[in-house]
Amino acid sequence: MSLKVVNRKSPEGNMSVDLRTTLGSLLLPTPVLTASGCAGSGKELSAFFDLSEIGAIVTKSIMQNPRSGRATPRMAETPSGMLNSIGLQGPGVEKFMNEDVPWLAQTGARIIVSIAGNSVEDFARTAARVRRAGDVVSAIEVNISCPNVSNRGLVFACDPISASEVIRAVRRSVGGLFPIFAKLSPDVTDIVSVAKSCVDAGATGLAMINTLLGLVIDTKTMRPKVAGITGGLSGPAIRPVGVRAVWQVHAALPKVPIIGMGGIMSGADAFEYILAGASAVSIGTATFHDPTAALRIQNELSNLLAERGFTALKEAIAYGHRAADEEVGQ
Amino acid sequence: MSLKVVNRKSPEGNMSVDLRTTLGSLLLPTPVLTASGCAGSGKELSAFFDLSEIGAIVTKSIMQNPRSGRATPRMAETPSGMLNSIGLQGPGVEKFMNEDVPWLAQTGARIIVSIAGNSVEDFARTAARVRRAGDVVSAIEVNISCPNVSNRGLVFACDPISASEVIRAVRRSVGGLFPIFAKLSPDVTDIVSVAKSCVDAGATGLAMINTLLGLVIDTKTMRPKVAGITGGLSGPAIRPVGVRAVWQVHAALPKVPIIGMGGIMSGADAFEYILAGASAVSIGTATFHDPTAALRIQNELSNLLAERGFTALKEAIAYGHRAADEEVGQ
Amino acid sequence: MATASSPLQVRGEVISLKRVGEYYQMAIAAPGIAERAKPGQFVALAVGGEPTSMLLRRAFSIYAADERGVFGGTIEIVFARQGIGTKWLSQLPSHSSVDIVGPLGNPFPIPASPLKTLLIGGGYGSAPLFSLAEVLRTRGCRVEMFLGAATGERLFGIVEGRRAASQLTLVTEDGSVGLRGRVTDHLDELMTRTQTELIYACGPMGMLQAISVFAKERSVPAQCLVEEEMACGIGVCMTCVLPIRGDDGVIRMTRTCVAGPSFDGDTILWEEIGSIPSGTLGAEDLG
Amino acid sequence: MATASSPLQVRGEVISLKRVGEYYQMAIAAPGIAERAKPGQFVALAVGGEPTSMLLRRAFSIYAADERGVFGGTIEIVFARQGIGTKWLSQLPSHSSVDIVGPLGNPFPIPASPLKTLLIGGGYGSAPLFSLAEVLRTRGCRVEMFLGAATGERLFGIVEGRRAASQLTLVTEDGSVGLRGRVTDHLDELMTRTQTELIYACGPMGMLQAISVFAKERSVPAQCLVEEEMACGIGVCMTCVLPIRGDDGVIRMTRTCVAGPSFDGDTILWEEIGSIPSGTLGAEDLG
Ligand SMILES: Cc1cc2nc3c(=O)[nH]c(=O)nc-3n(C[C@H](O)[C@H](O)[C@H](O)COP(=O)(O)OP(=O)(O)OC[C@H]3O[C@@H](n4cnc5c(N)ncnc54)[C@H](O)[C@@H]3O)c2cc1C
Ligand SMILES: Cc1cc2nc3c(=O)[nH]c(=O)nc-3n(C[C@H](O)[C@H](O)[C@H](O)COP(=O)(O)OP(=O)(O)OC[C@H]3O[C@@H](n4cnc5c(N)ncnc54)[C@H](O)[C@@H]3O)c2cc1C
Ligand SMILES: Cc1cc2nc3c(=O)[nH]c(=O)nc-3n(C[C@H](O)[C@H](O)[C@H](O)COP(=O)(O)O)c2cc1C
Ligand SMILES: Cc1cc2nc3c(=O)[nH]c(=O)nc-3n(C[C@H](O)[C@H](O)[C@H](O)COP(=O)(O)O)c2cc1C
Ligand code: FES
Ligand code: FES
């Protein structure tokens, strides 16, 4: 037998490719971020890699007050995906900004704080608290895939008007220079119209996609598998939906920076999003499969860019949209 | 070595379970159907099993005129799924009714004809031609996931009003007794409202879900993988979305029969849809993986029903919705 | 920051896989992990090969860790074939490569003074108890072991238990091996006889709950190694929570993967698992 | 209706797998399929184990079929490692079980009268030609064989070709084996020398197109075994179509899995693959 038991090492990235990306006024050294809710507040992941090596850590969506989240069970594995129903458990923004953010800051990681709320005011107040931390936070991602208590629990992201109200309020509370990204849900008839109304309301850019609404029934108990009945579907199963959303929104709003996500497991998957028009990508469920996924994917991406003849990430952004006779950057 | 090379045989179904199901006025011996577009017009599948053994064959959506469909490539494999962009290739309803349907009829199979159209009139005329065949056709499935040429190519199924116009026109052209099923798209913000307007317009029942709009970029050519750019995502990857759609629509319209589909690969998967509220299930992509899938799944389903203590399929329909203290049929 | 006790991700190799009663016992060369492992910790294995349709790792208690195995540091697990992931694992040929993360979670707490301990294992739940017994004995504790299962085939570790414990008691529901009944049917007698001062328990949640209630009545602390479904195993996903009362009296939905997997049974709100107990931090705000 | 020539779905067993140059040659005990197989047909293998994330079967030409293999009817395929599915196949241990459907598609048409035939294979495209050669020879045809590839490592079947054909010509782009260049660089000379009356070709689409054009110029029919991506392989999905002119002169998007996989090269609208040629039946109606 040939014994090959070695610590799993990520491939080295190709150093000659310029991975820098810009998201509005935000310049990041690399386009690879963690996805909100899939990296906690960063601390646990730091056992697996140096958090400052990737583009940024997007933290779990935080709300104004502490939140218990939903009852268990909270997950179901599905083919090439998973369903989750966490219910935005978290310590509340005050404790989060006082404890988690400072810890994360001292690692040298760039921090994008994801915020959530039950009402427009919730969002605005949480955003204001985050902004008060100053430059230690690089940007805010606004998770509008939450139920709006004042509108029959309809998810903000499912209605262009509710979505824009949230974004406008957050924009007002953080001021003009601070980048904010609206995180869109794919569970809509027309994602482009939601994207447009978020941008009109002051979003610097867009993050997409959040999970798809799904349901799994346990065929043993013959009841829904997660306590919340429905849950959010993530993982490679949904990648074609995410890539489609990024493609459509980029085609409609070519100047708006997009953070793409949904099922990215490898550098090639990240590259797909970049080609579709994303300026950065977030790694979610992949981290559960592989704790070093974000860094590995970043290295695979830089190697793939080099193989395809790109010297800088920026040349590849939206390259999939080029006309048949247009072969730049090669 | 132990040599086990045997012809693959489906498990025998449990004969003691009554698999009959009713879809409006339509009584079927079993709830397992083929999904439109995944069994052609039945002929090729008949090499693998006796078509009359399953509930019904749902044929590939047929349009009024012959149609070439889209250019190739037309497919991409995705994690636990696939993307297709066929573009409704077909011989036109006249040839279909004169050649394919009679052949299928003589096998003893029950036939549900799926129809499609570019306009309300197209649908109506195609439905009328199908109806003219008389009882040889058991029902019509109306595939409203087609672009409406007179409404900027917006898919009928994405708008409750367009959807109901189609269903009303089809209902008018086939008369009151003939069952028609509206096939819904999951790519909407509110599938319940589309379902309601189809039922109000005269649909006997609903078939769901059609594929999700997706896109795959080939990271070698750095262009969309299928010629149609976007395509329809199917397979087990989307099952949680299909089960969720069936669950929601059944909860809102408990008396309306539902044909559930999306990623059914096994009897347990079919059972999930039944528990969610489907009265029948369609087998699509699974047939590409396993040509005998429909029959195998039917047998697995009857065994599973028996194991769970059901003597008839009907007791299990929507059983997942029961209250915590309600344990019937056990 | 990675430290000497941080978990590692290693490409391990299956050294052996054998059936033991109803279970499978697998040895995996996993250098680094074996050296760090302490009793009560677990490992998380990727399943399904590549490309897999099963994204989530499967968690298994470390049954044994040998820093100086023939193939380098080796760990062993014992598992039941439950669903598709463990089915896949049960069919892995020797020398297959497996992606393994560990050691995860906290070790069992070890008492500062030598106590009379009772180690209770239900089914494969006995797996983490043998290495624990060893440590307890080096600390001067008396170790009594009590293993239960539905049938004899589902008792794991009779031989190991004889070696590891001062005394081993067995119980099966069908009475095929040892006493007849459930663990809790005989707990009273056993605790009295052995003057138990500290319990460690691992097994089905129902058993742990019953033991906790029982132990509390006699003011004996019971450390319970719980199993809640885990998506990540490393503390980033929040799926694995249980309602647990903290030292400050506040109930929190607590991640069992990083705060556990073993807890003082008295702090777990057993009755309320599957709901959010009223008074839980943040519960009032749930939409 | 199932008939004696209908395809079967069989749980086969991998009897052997070996590397041959850049390719893999796999023998699979697949009783029933072996007995029915004719030259030019293909099989479709499920890949990825269970539960797989790769739903679509992979199509491979039948290289050899032996009704009386040691383990019962056995078929052989030759494949290149292209993507994730063939990678998985290339790592299958002997005696693995594989789910296989076949024989699929139509056999190569065999001329009624004895003709001078030229069999052209590009890369692994030679695989279906050896059994074809055998049949042609029993029908009194003269069989000339011409194999080409980029490199010598990518030539498949030199030994088999020597045995199967009256004469074997080899060509590689790098000149490492046989003539230097592409198949079409030497086709003129070869056809003249051997007075070819009928061509069979299998290989990359570009090669088939070039051969078709060339053969048409000299009014020699060329049967081309094409490869278009197939989701089902059995005729139910409509993914595998090519624009093909029928006997009635009408262009149709034609399923290559059931109407092919081999076609008279002259009927394929090579230039228009990847579009819908104007005049195609139903094209005007496309939204
Ligand atoms: C800390 C800890 C230690 C464990 N130690 C052992 C052990 O030593 N031996 C053993 O046999 N089993 C152990 N388990 C349970 C083991 O993880 C599950 O049996 C296994 O994950 C089931 O996987 P499956 O694919 O066969 O089942 P499936 O039901 O197909 O799994 C579906 C999903 O649910 C998860 N899941 C299902 N059951 C459990 C469970 N009980 N706990 C956590 N996740 C679950 C799986 O990980 C997977 O993500 C332990 C669990 C935990 C949390
Ligand atoms: C009639 C026919 C006969 C063939 N005979 C052989 C043979 O003898 N030897 C051989 O090496 N290859 C043959 N091929 C090609 C072989 O099917 C592909 O190389 C293989 O499917 C690639 O699978 P993959 O998972 O490695 O690649 P991936 O790119 O990962 O496959 C992704 C998907 O695309 C499909 N696909 C990709 N390339 C092709 C292709 N060229 N043709 C059809 N489907 C494709 C796959 O089946 C799969 O569904 C044949 C194809 C056809 C249609
Ligand atoms: C367990 C889990 C928790 C999540 N929590 C959040 C969250 O708090 N806020 C948010 O915006 N998205 C959340 N998401 C969605 C992810 O950020 C991401 O949009 C989605 O999972 C798709 O990416 P993936 O397929 O890479 O996971 C969560 C996803 C998972 C799986
Ligand atoms: C290749 C292919 C072709 C399809 N063609 C049609 C069609 O013509 N009409 C239709 O209503 N649905 C069509 N569908 C959708 C299926 O009927 C089904 O709704 C969908 O694939 C989800 O089920 P599945 O996951 O079991 O495949 C097609 C699906 C595939 C994969
Ligand atoms: S399993 Fe993910 S936080 Fe515990
Ligand atoms: S591959 Fe499905 S019809 Fe040809």
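In what follows, chains are A, B, ... by sequence order, proteins preceding strands, each numbered from 1.
Residues B:Phe288 and D:Ile234 fail the side-chain proximity criterion, which asks for heavy atoms closer than 4.5 Å. Side chains of B:Phe48 and D:Ser6 form no contact here, defined as non-hydrogen atoms less than 4.5 Å apart. With a 4.5 Å cut-off on side-chain heavy atoms, B:Pro236 and D:Leu55 count as touching. By the 4.5 Å heavy-atom criterion applied to side chains, B:His289 and D:Leu56 are not counted as neighbours.
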Handout entry: Steps toward side chain to side chain contact (heavy atoms under 4.5 Å, CB included) verdict (D:Met54, B:Met82)
Key = CA-CA 9 Å; D:Met54 298 177 279; B:Met82 67 173 284; over 6 Å; no
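Salt-bridge annotation for B:Glu77 and D:Arg57: absent, with no side-chain N of the basic residue lying under 4.0 Å from a carboxylate O of the acidic one.
Within residues 248-256 of chain D, the residues having any heavy atom closer than 4.5 Å to a heavy atom of chain B are D:Met253, D:Arg255, listed by residue number.
Screening residues 100-113 of chain B for salt bridge (Lys or Arg N to Asp or Glu O under 4.0 Å), with sequence neighbours left out, gives no hits. Residue pairs meeting the side chain to side chain donor-acceptor pair (under 3.5 Å) criterion with at least one partner in residues 60-69 of chain D, sequence neighbours excluded, are D:Tyr63-D:Glu160.
Residue with the most contacts toward chain B among D:Gly235, D:Gly83, D:Ala46: D:Gly235 (heavy-atom pairs, distance under 4.5 Å). Taking B:Gly284, B:Pro147, B:Ser85, B:Ala39 one by one and counting their heavy-atom pairs under 4.5 Å with chain D, the maximum is reached by B:Ala39. Each of D:Ala44, D:Gly274, D:Gly48 has some count of heavy-atom pairs under 4.5 Å with chain B, and the biggest count is that of D:Gly274. The candidate with the highest count of non-hydrogen atom pairs below 4.5 Å against chain B, out of D:Met238, D:Met230, D:Glu228, is D:Met238.
The two atoms that bring B:Thr72 and D:Thr239 nearest to each other are CG2-O, 4.1 Å, heavy atoms only. Across every non-hydrogen atom of D:Leu281 and B:Pro66, the tightest pair is CG-CB, 3.9 Å.
Contacts between D:Thr52 and chain B at a heavy-atom distance below 4.5 Å involve backbone atoms as well as side-chain atoms. Heavy-atom distances place the side chain of D:Val101, and not its backbone, under 4.5 Å from chain B. For a residue to count as touching a neighbouring chain, one of its non-hydrogen atoms must lie under 4.5 Å from one of that chain's; by this rule B:Thr78 touches chain D with the backbone only. Only the side chain of B:Thr285 comes within contact range of chain D, judged by heavy atoms closer than 4.5 Å.
Checked against side chain to side chain donor-acceptor pair (under 3.5 Å), D:Arg182 has no partners two or more places apart in sequence or in another chain.
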